[in-house]
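Scroll down for the structure; my scribbles are underneath it.
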Amino acid sequence: MGDGGVAASSSEEPWPVRVVSQKIGAWVARLGWVWVDGQVAQISRRPGASTVFLTLRDPSAELSLTVTTNRDVLDSGAPELREGARIVVHAKPEFYAARGTLSLRADEIRQVGLGELLARLEKLKKLLAAEGLFDRARKRRPPFLPQRVGLITGRASAAERDVLTNARRRWPAVEFRTVNVAVQGPGAVPQIIDALKVLDSDPSVDVIILARGGGGIEDLLPFSDEALCRAVHACRTPVVSAIGHETDAPLVDYVADVRASTPTDAAKRVVPDLAEEIRLINQARHRLHRAVHNLVDRETHRIDALRSRPVLARPQVMVEQRAADLAALRQRAERNLRHRLAAADDDLRHTLARLRALSPAATLDRGYAIVQRADGHVVRASDEVAKGDPLRVRLADGDLAVTVNGS
């Protein structure tokens with residue numbers, strides 16, 4: 001068949017295009033009637049024509065199918081249908097061999113009601129929560145001062161203006177990398193997911209903001225999409241969700257690392273307030289200055305108190321006091337020594353007087369004499385000597401040599 005034909009093995013003849021188309025058409029015809037859920041991307045109502053053409057898009061993927069239906073079917077099932085609405089159609093797939101296209105022929109169209117939509121969202125919320133996508137333990141804190149902020153929002157939207165204006169008012173030097181996407185409608189989810197991938201892969205982006213203004217549940221429906229929630233969960237960069245107003249709570253709010261009530265609140269959460277930081281720095285400097293001043297004053301008073309003490313005011317007082325104590329001790333020692341010497345002198349004189357009173361010299365001074373034989377023996381009785389014995393007589397003043405003449 002050439003380059004555009006169907007590949008065939010060497011043992012088989014190639015099929016013509018018409019045969020391939022017929023087989024595909026026959027296989028599609030066997031699918032029967034099915035219920036299809038999607039979002040209306042386009043509605044084509046031709047004046048006077050009974051056939052309406054719809055483009056039904058998958059909210060989570062870049063896929064769409066053409067749906068043909070009768071005007072009466074559309075008017076009875078969804079008379080107020082608009083682009084961006086969520087519908088369920090009962091249709092039969094059809095393959096047009098001439099154009100090689102696949103479409104759906106619908107005999108019933110139902111616009112998804114608010115109650116049914118909320119029930120689906122609640123079911124998805126429980127599923128994601130059970131898988132741990134809402135777990136607080138995995139949420140990351142954005143940096144105090146990011147190098148660059150990634151912003152995903154609608155082009156020239158109020159949300160973009162609020163984020164940029166308030167962030168730059170708080171910190172004029174903040175840098176942004178903004179990716180404008182569709183924030184509602186069939187193409188919103190794929191564009192937002194692509195933007196997340198781009199910003200998450202940028203090493204200079206420290207935090208990503210998803211921002212959109214308020215709206216109804218249908219308008220915010222892309223931010224409750226399962227694929228978007230999983231993409232936010234997979235981001236390595238902290239994500240701040242700022243979707244709608246404070247009362248709005250799309251599912252991406254629960255998955256994001258930080259939930260901001262409004263785009264303005266998101267700007268306050270990602271960058272600090274320069275004026276407030278300067279005020280805090282000045283306040284801290286004032287407290288530090290006051291603490292140092294109080295410390296210096298306290299230590300100055302303490303030094304003055306120490307200097308006013310006598311030991312420091314007149315250091316010689318301590319020496320003088322010790323000198324006085326030493327002099328007093330010396331005086332006491334001298335008095336004690338003199339007293340002891342006087343007492344000893346008195347005792348010595350008394351002893352000497354007693355010795356003198358008892359000594360032989362004192363007796364000799366009173367006129368007595370001591371008679372000794374030649375051998376020095378003191379004669380105490382007359383029978384101790386004989387006539388003619390030489391004797392020595394000791395007087396108080398001198399000695400006499402005598403001889404015994406008789407008894």
Practice task
Would you please say whether a donor-acceptor pair under 3.5 Å links the side chains of Q42 and R57?
Solution key: no

Completion exercise
Of all heavy-atom pairs linking S204 and D202, the shortest is OG-OD1, 2.8 Å

Fill in the blank from the handout: Taken to the nearest 0.5 Å, the spacing of Q331 CD from R338 CZ works out to 9.0 Å

Handout entry: Gap between atom NZ of K197 and atom CD1 of I192 - 0.5 Å precision
Key = 13.5 Å

Practice task
Please assess V379 against L391 for the test side-chain contact (heavy atoms from CB on, under 4.5 Å), listing each intermediate value before the final yes or no.
Solution key: CA-CA 9 Å; V379 178; L391 298 176; 4.2 Å; yes

Handout entry: Electrostatic pair E226-R230, nearest N-O below 4.0 angstrom
Key = yes

Problem - More than 12 heavy atoms from other groups under 6.0 Å of CZ on F176 - result: yes

Practice task
Given salt bridge (charged side-chain N to carboxylate O under 4.0 Å, His left out), test D37 with R86 step by step and report yes or no.
Solution key: CA-CA 8 Å; D37 179 12; R86 194 75 172 262; 3.2 Å; yes

Problem - Lys/Arg-Asp/Glu bridge criterion (N-O < 4.0 Å) met for D257, R140 - result: yes

Exercise for the section: Could you grab the distance from atom NZ of K92 to atom OG1 of T68, nearest 0.5 Å is fine? Expected result: 12.5 Å

Problem - Ionic contact status for R148 with D206, cut-off 4.0 Å - result: no

Handout entry: Donor-acceptor contact below 3.5 Å, side chain N166 vs main chain D162
Key = yes

Problem - Residue K23 excluded, over 12 heavy atoms near NZ under 6.0 Å - result: no

Problem - N282 and R279 side chains, donor-acceptor separation under 3.5 Å - result: no

Problem - Derivation and outcome, side-chain contact (heavy atoms from CB on, under 4.5 Å), residues L221 and F223 - result: CA-CA 5 Å; L221 193 60; F223 296 95; over 6 Å; no

Completion exercise
Here the gap from E384 atom CD to H377 atom NE2, rounded to the nearest 0.5 Å, amounts to 4.5 Å

Problem - Heavy-atom neighbours of W33 CH2 exceed 12 at 6.0 Å - result: yes

Handout entry: Distance-only side-chain donor-acceptor flag, D297 / H293, under 3.5 Å
Key = yes

Handout entry: Donor-acceptor pair, side chain of Q191 and main chain of V181, under 3.5 angstrom
Key = no

Practice task
Please check if the side chain of D389 supplies one atom and the backbone of V385 the other of a donor-acceptor pair under 3.5 Å.
Solution key: no

Problem - Note: D75-R71 ion pair, threshold 4.0 Å (strictly below) - result: no

Exercise for the section: Ignoring hydrogens and angles, tell me if any N or O in the side chain of S224 forms a donor-acceptor pair with the backbone of L251 under 3.5 Å. Expected result: yes

Exercise for the section: Look at the side chain of R394 and the backbone N and O of D399, then say whether any donor-acceptor pair between them is shorter than 3.5 Å. Expected result: no

Problem - Heavy-atom neighbours of K268 NZ exceed 12 at 6.0 Å - result: no

Fill in the blank from the handout: Value for CD1 (I243) from OG1 (T262), rounded to nearest 0.5 Å, stands at 11.0 Å

Problem - Nearest-0.5 Å distance, CD1 of residue I209 to CG of residue L199 - result: 10.5 Å

Problem - Whether D200 side chain and R236 backbone form a donor-acceptor pair below 3.5 Å - result: yes

